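To start, the structure under review is shown below, and the notes come after it.
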Amino acid sequence: MIAKTLRIMVEDAFAAAVRDGKLSQQELPNFILERPRLKEHGHWATNIALLLSSQQKKPPLEIARIIIDYLDDGEGRLEKVEAAAPGFINFTLGLKWIREELLRLAEGGESYGRWQIGKGEKWQVEFVSANPVGPLHIGHGRWAALGDALASLLEAVGYRVEREFYINDYGSQMDMFAQSVEARYLELLGEEVEFPEEGYRGEYIRTIAREILEREGDRWKGEASDKRRAVFKELAYRQVIDHLKKTLEEFGVVFDVWFSERSLHQSGELEATLKFLKERQLAYEKEGALWMRTSLFSDDKDRVLVRSNGAPTYFASDIAYHRNKINRGMEHIIDLWGADHHGYVKRMEAAMEAIGKPGVLECIIGQMVNLKRGGEPVRMSKRTGEMVTFEELLDEVGRDAARYFFLTRSHDSALDFDIELAKEQSQNNPVYYVQYAHARICSILRYGVERGIDVEEQAPPPHILELLATEEELDLALKLFEYEELVRDCALDRAPHRLTYYLEELAGLFHYFYTKHRVISEDLELTRARLFLVKCTRHVIRNCLEILGVSAPESM
RNA sequence: GCGCCUGUAGCUCAAUGGAUAGAGCAACGGACUUCUAAUCCGUGGGUUGGAGGUUCGAGUCCUCCCAGGCGUGCCA
């Protein structure tokens with residue numbers, strides 16, 4: 001809470017200066033508190049004076065000095081406060097404050113870095129949501145890592161988050177899927193069949209057909225095609241869903257709800273939604289189809305709800321689906337979609353306005369993953385069956401490395417995933433760098449136990465903690481103190497990738513400290529102090545990896 | 001054509017409008033009789049695609065241009 005406390009101190013100083021007539025009463029701009037890059041600039045810095053300059057009609061440096069004059073240093077917690085050109089205020093923390101923060105961190109333990117900003121509001125993150133017609137591709141892996149980490153981040157700041165997978169199990173692609181399985185089934189029985197032009201040609205279709213054959217025998221061979229397809233659709237569908245669940249669980253992603261698109265048709269919610277729109281004059285007939293007036297809202301043009309052949313569109317289902325989410329009490333909905341769906345955002349937002357819930361839906365667009373092998377692009381198409389599945393990737397690269405790799409990139413940056421590179425990186429992937437720091441700390445503690453040292457000491461007294469005074473120790477401690485605000489900011493900005501960069505910086509400072517100083521030494525008091533510091537470091541690494549869904553191994 | 005995203009070191013990518021733009025990988029040179037060398041230290045590497053603009057300050061915001069990706073279905 002260093003930054004938060006400094007912010008309040010600065011605000012109080014501003015108010016005091018205003019009371020004294022040194023500054024004029026104005027609304028405070030949105031100033032920042034940050035760790036400066038250069039050590040000469042202290043431990044924390046704020047730009048408030050720079051931002052106030054124009055409204056106060058004074059030079060920034062003068063404003064900085066006025067604020068410093070009125071700054072109450074909170075019982076000597078600040079060692080030094082300086083104004084620096086062009087107008088920054090630089091804070092240097094006193095050792096007392098650093099000790100207090102370390103104790104607070106240790107006391108917080110598992111809950112250090114958690115906030116109550118969300119006030120227990122019920123939120124939902126929907127992600128992956130693949131068509132249940134085949135294995136997951138690499139892009140799905142990215143959404144899985146991203147959606148899960150985002151959900152965890154939001155939980156960390158106090159929202160109650162539900163993770164949901166929307167199963168697109170309705171529509172023509174399911175029929176095509178059934179037809180493809182049927183064709184492979186008959187092939188296995190030695191029949192000459194023409195494979196559907198638009199069918200799914202992946203090898204996995206044969207696998208599914210083979211499983212059906214093993215379980216059901218050839219009893220469907222002579223059956224009417226309609227009936228056979230209907231049965232195969234269900235059998236194959238089950239297999240695929242089970243498989244998706246298993247793969248995602250191996251990746252460490254567990255959904256609270258698997259929501260079926262078909263259920264919306266069966267429950268009558270789709271019909272009810274169409275009725276709702278018609279009653280409000282938001283839907284109309286044209287050229288044999290039913291259209292929604294999305295152009296009344298923010299969309300460019302109207303969209304079809306029911307095709308002229310009577311079949312409702314995916315969009316119609318989706319409106320019913322989002323009404324369902326609202327009815328389940330969701331106060332905020334995040335949909336994580338691939339960039340190939342971004343054209344869909346406007347119409348969905350229009351639909352949310354139409355059902356009276358503007359602003360509740362937040363669409364996050366994840367850019368595509370380009371799969372490469374040794375620099376050459378690999379085509380990914382379910383139709384041709386020419387693809388590397390997410391499972392294969394998971395087997396090759398491993399859960400932690402794959403997750404971490406996906407999470408180091410911002411969601412709106414397209415990602416090149418070179419399989420050869422990923423395999424090479426599996427040796428020196430940054431995830432191991434971070435995990436190694438954690439394992440090293442665990443190793444130190446084990447060594448301490450062997451030596452009969454009490455490694456469990458929760459709150460060493462001040463005269464012990466005062467021994468933490470070297471540059472490496474203080475740098476490490478200060479980095480730990482960035483964590484709380486970072487979690488909050490990453491959650492609010494929907495930016496889990498920043499946590500990975502933080503972890504690498506933190507691990508770097510720890511490794512450097514480790515090579516410079518011995519934790520367990522003949523000096524028992526210093527040992528106590530350093531043990532405490534490394535345990536604080538372990539807390540933060542653990543809590544942060546937990547949010548990312550990456551394991552924190554005790555040894556490597 | 002229009003809409004969204006992207007363009008930063010050789011490669012992959014960071015950087016809520018802040019001070020001298022940072023990591024990792026790759027390259028090169030060093031460090032283990034030590035609580036784990038999956039580590040550490042050092043060296044080289046940049047006109048942030050280009051041109052204007054906004055302001056105390058722009059990789060970041062605005063306009064235009066160039067390049068790439070994805071959309072622009074009565075597919076999902």
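Residue numbering restarts at 1 for every chain, and letters A, B, ... go by the order of the sequence lines. Predicted, not measured: the structure shown is a model, and the values here were computed from it.
Sequence order on RNA chain B of the closest nucleotides to A/E287 and A/H41 puts A/H41 first from the 5' end. The residue among A/A507 and A/F405 whose nearest nucleotide of RNA chain B is located toward the 5' end is A/F405.
Using a 30° and 60° split on the angle between ring planes, A/H140 and A/H137 fall in the parallel class, below 30°. The aromatic rings of A/F259 and A/Y321 are tilted relative to each other, their planes meeting at an angle between 30° and 60°.
Nearest nucleotide to the side chain of A/M556, out of B/G71, B/A38, B/C13: B/A38. Here B/G3 is the nucleotide among B/G73, B/G3, B/C35 with the atom lying nearest to any side-chain atom of A/K346. For A/R37, whose side chain is taken as the heavy atoms from C-beta onward, the closest listed nucleotide among B/C5, B/A76, B/A19 is B/A19. For A/T515, the side-chain atoms get nearest to B/C40 when compared with the rest of B/C56, B/U6, B/C40. Minimum atom distance to the side chain of A/T313 is reached by B/C74, of the listed B/C74, B/A21, B/G3. For A/A339, the listed nucleotide lying nearest its side chain is B/C70; candidates were B/C70, B/U6, B/A19. Considering only side-chain atoms of A/D412, the nucleotide from B/A14, B/A37, B/U6 that sits closest is B/U6. Distance from the side chain of A/H342 is smallest for B/G71 among the nucleotides B/G18, B/A76, B/G71. Each of B/U39, B/G18, B/C74 was ranked by its minimum atom distance to the side chain of A/A289; first place goes to B/C74. Listed candidates were B/A19, B/C70, B/A76. Nearest to the side chain of A/A84 is B/A19.
Straight-line distance between the P atoms of B/U8 and B/G44: roughly 23 Å, to the nearest whole Å. With both ends at atom P, the span from B/G17 to B/A31 equals 45 Å, rounded to whole Å. The C1' atoms of B/A38 and B/A76 are separated by 44 Å, rounded to the nearest whole Å. Between B/C35 and B/G30, the two P atoms lie 26 Å apart (nearest whole Å). Taking the P atoms as reference points, B/C61 lies 27 Å from B/G24, given to the whole Å. B/C65 and B/U72 have their C1' atoms separated by 23 Å, with the value rounded to a whole Å. B/G49 and B/C40 are spaced 37 Å apart, taking the C1' atom of each and rounding to whole Å. Comparing B/U60 with B/U48, their P atoms are spaced 10 Å from each other, to the whole Å.
Nucleic acid contact for A/H517: base, since at least one base atom lies under 4.0 Å from a heavy atom of the residue. Residue A/L415 is in sugar-phosphate contact alone, with no base atom involved, counting any heavy-atom pair closer than 4.0 Å across all strands shown. Counting any heavy atom pair closer than 4.0 Å across all strands shown, A/D302 reaches no nucleic acid atom. Contact annotation for A/A45: base contact, defined as any heavy-atom pair under 4.0 Å involving a base atom. Contact annotation for A/Y514: base contact, defined as any heavy-atom pair under 4.0 Å involving a base atom. Heavy atoms of A/R451 sit nowhere under 4.0 angstrom from any nucleic acid atom. Residue-level contact check: A/S521 touches neither bases nor backbone, having no heavy atom under 4.0 Å from any strand. A/A439 comes within 4.0 angstrom of a nucleotide base, judged by non-hydrogen atoms across all strands.
Both geometric conditions, a ring-centre gap below 5.5 Å and a plane tilt below 30°, are not fulfilled together for A/H497 over the base of B/A14. Remark: ring of A/F88 overlaps the six-membered base ring of B/A19 in a stacked fashion, centroids less than 5.5 Å apart, planes less than 30° apart.
In this structure, the CD atom of A/Q55 is 14 Å from the C1' atom of B/C56, given to the nearest Å. In this structure, A/L506 places its CG atom 21 Å from P of B/A14, rounding to the nearest Å. Going from atom CG of A/L50 over to atom P of B/A58 covers 13 Å, rounded to whole Å. In this entry the distance linking CG of A/L371 with P of B/C70 reads 14 Å, nearest Å. Following rounding to the nearest Å, A/E198 (CD) and B/A76 (P) show an atom-to-atom distance of 14 Å. In this structure, A/R303 atom CZ and B/C74 atom P are separated by 8 Å, rounded to whole Å. Summarising the geometry, the separation between CD on A/E482 and P on B/A14 is reported as 19 Å, rounded to the nearest angstrom. Rounded to an integer number of Å, the gap from A/Y432 OH to B/A37 P is 19 Å.
Tested against A/L150 for a side chain to side chain contact (heavy atoms under 4.5 Å, CB included), the candidates A/L407, A/I364, A/I547 yield a single pass: A/I364.
In a base pair of the Watson-Crick type (N1 to N3 plus N6-O4 or O6-N4) or a G-U wobble (N1-O2 and O6-N3), with each distance short of 3.5 Å, B/C25 is matched with B/G10. Nucleotide B/C32 is matched to nothing when pairs are restricted to Watson-Crick or G-U wobble geometry with both distances under 3.5 angstrom. Using N1 to N3 plus N6-O4 or O6-N4 for Watson-Crick, or N1-O2 and O6-N3 for G-U wobble, each under 3.5 Å, B/G1 pairs with B/U72. Of the nucleotides present, B/G50 is the one that pairs with B/C64 by Watson-Crick or G-U wobble criteria, both distances under 3.5 Å. The partner of B/U20 cannot be assigned: no Watson-Crick or G-U wobble pair with both contacts below 3.5 Å exists in any strand.
Across every non-hydrogen atom of A/R494 and A/L154, the tightest pair is NH1-CD2, 3.6 Å.
Phosphate contact (OP1/OP2 of B/A76, side-chain N/O of A/R307, threshold under 4.0 Å): present. Between A/Y433 and the phosphate of B/C40, there is a side-chain N or O to OP1/OP2 separation shorter than 4.0 Å. Distances shown here put every side-chain N or O of A/R440 at or beyond 4.0 Å from the OP1 or OP2 atom of B/A38. Within the 4.0 Å cut-off from OP1 or OP2 of B/U72, not a single side-chain nitrogen or oxygen of A/K301 is found.
Taking the centre and axis of the six-membered ring of A/F481, the NZ or CZ atom of A/R35 falls outside the cone set by 45° and 6.0 Å.
Taking 4.0 Å as the cut-off between side-chain N and carboxylate O, A/K39 and A/D475 count as a salt-bridged pair. A salt bridge links A/E554 with A/R542: the distance from a Lys NZ or Arg NE/NH1/NH2 to an Asp or Glu carboxylate oxygen falls below 4.0 Å. A/D416 and A/K372 are joined by a salt bridge, as a carboxylate oxygen and a charged side-chain nitrogen come within less than 4.0 angstrom of each other. A salt bridge is absent between A/K325 and A/E164: the closest approach of a Lys/Arg side-chain nitrogen to an acidic carboxylate oxygen does not fall below 4.0 angstrom.
The base of B/A76 is not paired with the side chain of A/D169 by any donor and acceptor separated by under 3.5 Å. Interface remark: the A/S308 side chain does form a donor-acceptor pair with the B/C74 base, using a distance-only criterion of under 3.5 Å.
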Open item on the list: Show, in sequence, the C-alpha distance, side-chain angles and deciding distance for A/H43 and A/N90, and conclude whether the side chain to side chain donor-acceptor pair (under 3.5 Å) test is met.
Closed with: CA-CA 7 Å; A/H43 295 153; A/N90 296 329; over 6 Å; no

